K.L.:
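Sharing a structure with you now.
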Amino acid sequence: MVTIISTMETQVSNGPSGTSLPNGPVISTNGSTDDSKTNLIVNYLPQNMTQEEFKSLFGSIGEIESCKLVRDKITGQSLGYGFVNYVDPNDADKAINTLNGLKLQTKTIKVSYARPSSASIRDANLYVSGLPKTMSQKDMEQLFSQYGRIITSRILVDQVTAGISRGVGFIRFDKRNEAEEAIKGLNGQKPLGAAEPITVKFANNPSQKTGQALLTQLYQTAARRYTGPLHHQTQRFRLDNLLNASYGVKRFSPITIDSMTSLAGVNLTGPTGAGWCIFVYNLSPEADESVLWQLFGPFGAVTNVKVIRDFTTNKCKGFGFVTMTNYDEAAMAIASLNGYRLGDRVLQVSFKTSKQHKA
DNA sequence: TTATATT
């Protein structure tokens, strides 16, 4: 049995349309707002990220005019993408520069300008199978690019065999008619040198799921909810892998979840409405909110982060706070990140206590 | 042998 653990993908950045204009909202002659330089689409969001977390993350960059995490109309499940419209085009640019590529849990988010919404860009996603195993993503893009502008392409790979192609992929075109032309031109055709013809068809659309698939999804969601926590040993193993994969920093002075749990009972502020507040000490003067999202995001639902800055210099005063929804995830984050070496600093991470609250 | 990008 083949397990799909990863894919390889090339991402085309959407540029804001039109020529560069002065900052601030641009009002066109017909009275509508031109949001091409302020409106962003965010893809590959973790499944469990909420609207609040989404807003908090992107609000750390600058003032948001509006934002929306897109959900399935029927199940209410996140579709893994959302939109953020900033007030200032400079903040949109800053969000792309600082948050694109951010690792949150198992995902690497993509932040890019949203194309103007229109019916012509919907259902432009193709499923391709029967690709030669030797065909790279670049090869596949080259083959399809004659039919239009490619927004994303992806070849599914099998990680247990170190990223060998499964011969299956996706191509998203800018326009649906480009996708239609690609089907006409390439379905059933042999790519040059290939032994077998490829199949090219429209990809399944998540909003067009069958009743059966919806039931399966609901069942799986419910089943996950009732699954107890993994054995500690397993959790640590997984977390270390996650961290080693995510960051180029070495673990320092690991402590166990059990020692944290005993510590946790005594001195806690406790869950205050939003969740569990975590105190992070020994951040560098240059630290910003994104580093806290990067550190804590992989452990679970983070609702808010805050870097405490000096009022006059605007430099970090060496500490910050992170709010996490679930106790278990917060405890795991603390257990793994306390003593963590970030650059040349060793972090001190703990639940926020009433004593620290006064200080 | 289909993962998720247009509110």
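Atoms considered below: every heavy atom in the structure, side chains included; atoms not considered: hydrogens, waters and symmetry mates. Everything numeric here is computed off the predicted structure, so don't read it as measured data. Convention: sequence-line order gives letters A, B, ...; per-chain numbering from 1.
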K.L.:
Looking at A:Asn43 and B:dT4, is any side-chain donor or acceptor paired with a base atom of the opposite kind under 3.5 Å?
P.N.:
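Such a pair does not exist between side chain and base.
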K.L.:
Under 4.0 Å between a side-chain N or O of A:Lys110 and OP1 or OP2 of B:dT4?
P.N.:
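No, because none of the side-chain N or O atoms of A:Lys110 sits under 4.0 Å from OP1 or OP2 of B:dT4.
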K.L.:
Could you check how far CD1 of A:Ile171 sits from P of B:dT4, rounded to whole Å?
P.N.:
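Value for this atom pair: 16 Å.
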K.L.:
Any side-chain N or O of A:Ser117 less than 4.0 Å from the OP1 or OP2 oxygen of B:dT7?
P.N.:
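Indeed, a polar side-chain atom of A:Ser117 lies that close.
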K.L.:
In whole angstrom, what separates A:Met140's CE from B:dT2's C1'?
P.N.:
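Going from A:Met140 (CE) to B:dT2 (C1'), I get 13 Å.
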K.L.:
Atom CD of residue position A:Gln51 - does it have more than 12 heavy atoms of other residues, nucleotides or ligands inside 6.0 Å?
P.N.:
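Correct, the count exceeds 12.
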K.L.:
Contact list please: residues 175-203 of chain A against DNA chain B, heavy atoms, distance less than 4.0 Å, in numerical order.
P.N.:
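The stretch gives A:Lys201, A:Ala203 as the residues lying under 4.0 Å from the strand, ordered by number.
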K.L.:
Take A:Phe173 and A:Tyr147, measure what ring-ring contact (aromatic ring centres under 6.0 Å, His included) needs, and give me the verdict at the end.
P.N.:
CA-CA 9 Å; A:Phe173 278 101; A:Tyr147 297 97; 7.2 Å; no
K.L.:
Give a yes/no on whether any side-chain N or O of A:Arg172 is located under 4.0 angstrom from OP1 or OP2 of B:dT4.
P.N.:
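No.
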K.L.:
Is the distance from OP1 or OP2 of B:dA3 to the nearest side-chain N or O of A:Arg166 less than 4.0 Å?
P.N.:
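Checking B:dA3 against A:Arg166, no side-chain N or O comes under 4.0 Å of OP1 or OP2.
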K.L.:
Scan side-chain atoms only and decide if A:Ser153 and A:Glu141 contain a donor-acceptor pair under the 3.5 Å cut-off.
P.N.:
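Note: A:Ser153 and A:Glu141 side chains meet the donor-acceptor criterion.
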K.L.:
Take atom CZ of A:Phe83 and atom P of B:dT7, then tell me their distance rounded to the nearest Å.
P.N.:
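Whole-Å distance recorded here is 6 Å.
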K.L.:
Please report the distance, rounded to the nearest Å, between NZ in A:Lys107 and P in B:dA5.
P.N.:
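Those two atoms, NZ and P, are 8 Å apart.
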K.L.:
From CZ of A:Phe54 over to P of B:dA5, roughly how many Å is that when rounded to an integer?
P.N.:
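In whole Å, B:dA5 P and A:Phe54 CZ are 12 Å from each other.
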K.L.:
Any luck finding a side-chain donor-acceptor pair between A:Asp35 and A:Thr38 under 3.5 Å?
P.N.:
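No donor-acceptor contact under 3.5 Å links the two side chains.
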K.L.:
Do A:Arg115 side-chain and B:dT6 base share a donor-acceptor contact under 3.5 Å?
P.N.:
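Flag set: donor-acceptor pair detected.
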K.L.:
Roughly, in whole Å, what's the span from CG in A:Asp72 to C1' in B:dT7?
P.N.:
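Rounding to the nearest Å, CG of A:Asp72 and C1' of B:dT7 are 14 Å apart.
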K.L.:
Take A:Tyr327 and A:Phe351 through the test ring-ring contact (aromatic ring centres under 6.0 Å, His included) and record every step on the way to the result.
P.N.:
CA-CA 10 Å; A:Tyr327 173 80; A:Phe351 281 108; 5.6 Å; yes
K.L.:
Classify the nucleic acid contact of A:Tyr81 as base, sugar-phosphate or nothing, counting any heavy atom under 4.0 Å across all strands shown.
P.N.:
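Sugar-phosphate, backbone atoms only, no base.
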K.L.:
Using only heavy-atom distances, determine whether the side chains of A:Asp310 and A:Asn314 contain a donor-acceptor pair under 3.5 Å.
P.N.:
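On atom types as modelled, these side chains do not qualify, holding no pair under 3.5 Å.
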K.L.:
Can you measure A:Asn85 atom CG to B:dT6 atom P for me and round it to whole angstrom units?
P.N.:
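Taking atom P of B:dT6 as the reference, CG of A:Asn85 is at 17 Å.
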K.L.:
Report yes or no: is the cationic atom of A:Lys352 (NZ for Lys, CZ for Arg) under 6.0 Å from the centre of the six-membered ring of A:Phe321, at an angle within 45° of the ring normal?
P.N.:
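Yes.
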K.L.:
Can you say whether a donor on the side chain of A:Asn125 sits under 3.5 Å from an acceptor on the base of B:dA3, or the other way round?
P.N.:
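Between B:dA3 and A:Asn125, which were checked side chain against base, a qualifying N/O pair under 3.5 Å is present.
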